Amino acid sequence: MIDLETYTPEGDKENSDFFNEFLPRVYERRAMSGLPQIVGRMAGAVIQVEHGDAINYLAELAVMGPYRLVEARLSETHRVFVLRSRPEFPRLLVLEPLTPSYEDEITRWNTLYPLSSRKPNARYVGEIYHADSIKAVHEALEPQNVRFVEPGDTLNAFYSGGHLTFTFLSDFTYNRVGYVDIDLDDTEALEIGEVITISAHDLEKLETAHAMQEEHGIADLILGLDHMATRILSGDREDALLEYLTMVPYYFWGAYNIHEMNSSTNVTRHPDIDDEKTSPARVFTANNTPSYLNSFDNLPMPTEDFVRNFGRRMHHMAVAVIDGHVAEEKNVDYVVRQLAGMGTKFLADVVGECKDDPNLKQIFSKSSAYSGLITEYIERCHHYEGFFTRDNVAALTAAAGADERYEHGHVFD
Ligand SMILES: [Fe+2]
């Protein structure tokens, strides 16, 4: 268990006096409100895709990662797909609107940005945390001006159920935080819709994807989620961190300044777990100086370019690759080679070294045509104790930037 009073954050990114004043105060207020006792580990993550994209997205996930469909449900507005990796790791919930014309605040925010307007309903929505009682969560956080979705606030009743509650989309991250006070596998009690059967044709698609992953020998090498990273505007970095730490029992692990990319990577983690994958780290990435000042130093600035093109949003989800070798090849290199053979596209090459010393190897896939999310593969070699290396983050940031440029006239591809 990390002692928040004595912990010194990692990394070289300097925080303002504002942040240094309010971080301990946020921890203190959180402890007083009882939140760490009421809210536990991450129970799930929610992603919405366009109408008609869900099965293709689930098939893509079955090739690229550990998540498999458990059940599908039908609400008044959506098909809701419940996916699982290992029982102790968070679930994935994929929401698919029932009509192409569906619109809620996700649609409206996506429509504001030149590249996210192509798929206006596709967005990572947020994490769901285990809670003793959602009423207790409301009572702890509402006095701190955290706003929760009430029935009728939005078209999708998923966000305001009897056992499932979500905050409004954060103005700093455009993500929600959800809380569930029963087992997320108890989908009947969750009241997220009636069970539906998937057509034989669609099931075959998912089974083919699953079989492909098995045949290529990577199914047992890919574990759960290691971390997820949201990109935000430069001026919102400290607010986004402090707001998140207000709402969940995580701590500020530390931040790296990636000066050459005009960017910083800021990490929050659960303070009391043995295995990161039982409650993945939440990362926030932001420019050091905003885009309109960037020409003074004229550095690459992929982070804020991304935000200006897609809006604040989740950028990538990282999947942990089990440490080891297949023959002479490191597992992550093997996984990437096999995935590439199945058609997965990657941005640049694997970064980082894993010789005899503890270290990290990482790579980004291209973003999904369905969710817009990049999948990162990360192998922590020889019991690497740190969480990130500065050099890897710099190389990954550069690789993603090269793929996310906005070209005039390409909005409606
Ligand atoms: Fe990452």
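Each ligand, and each atom within it, is numbered from 1 in the order the structure gives. Given the structure is predicted, the values throughout are model-derived calculations rather than measurements.
Checked against a 6.0 Å centroid threshold, the rings of Tyr250 and Tyr129 count as neighbours. If you look at Phe306 and His316, their ring centroids are not closer than 6.0 Å.
Screening Leu221, Val332, Asp333, Val350 for a side-chain contact (heavy atoms from CB on, under 4.5 Å) with Tyr377, the sole residue that qualifies is Val332.
When the side chain to side chain donor-acceptor pair (under 3.5 Å) test is applied to Asp104, the partners found at least two apart in sequence or on another chain are Tyr102.
The side-chain heavy atoms of Arg79 and Ile55, taken from C-beta on, include a pair separated by under 4.5 Å.
Inspection of the environment of the Fe ion (ligand 1) yields the following protein N, O or S atoms under 2.8 Å: His227 NE2, His316 NE2, Glu376 OE1.
Donor-acceptor pairing under 3.5 Å is lacking for the side chains of Tyr124 and Thr230.
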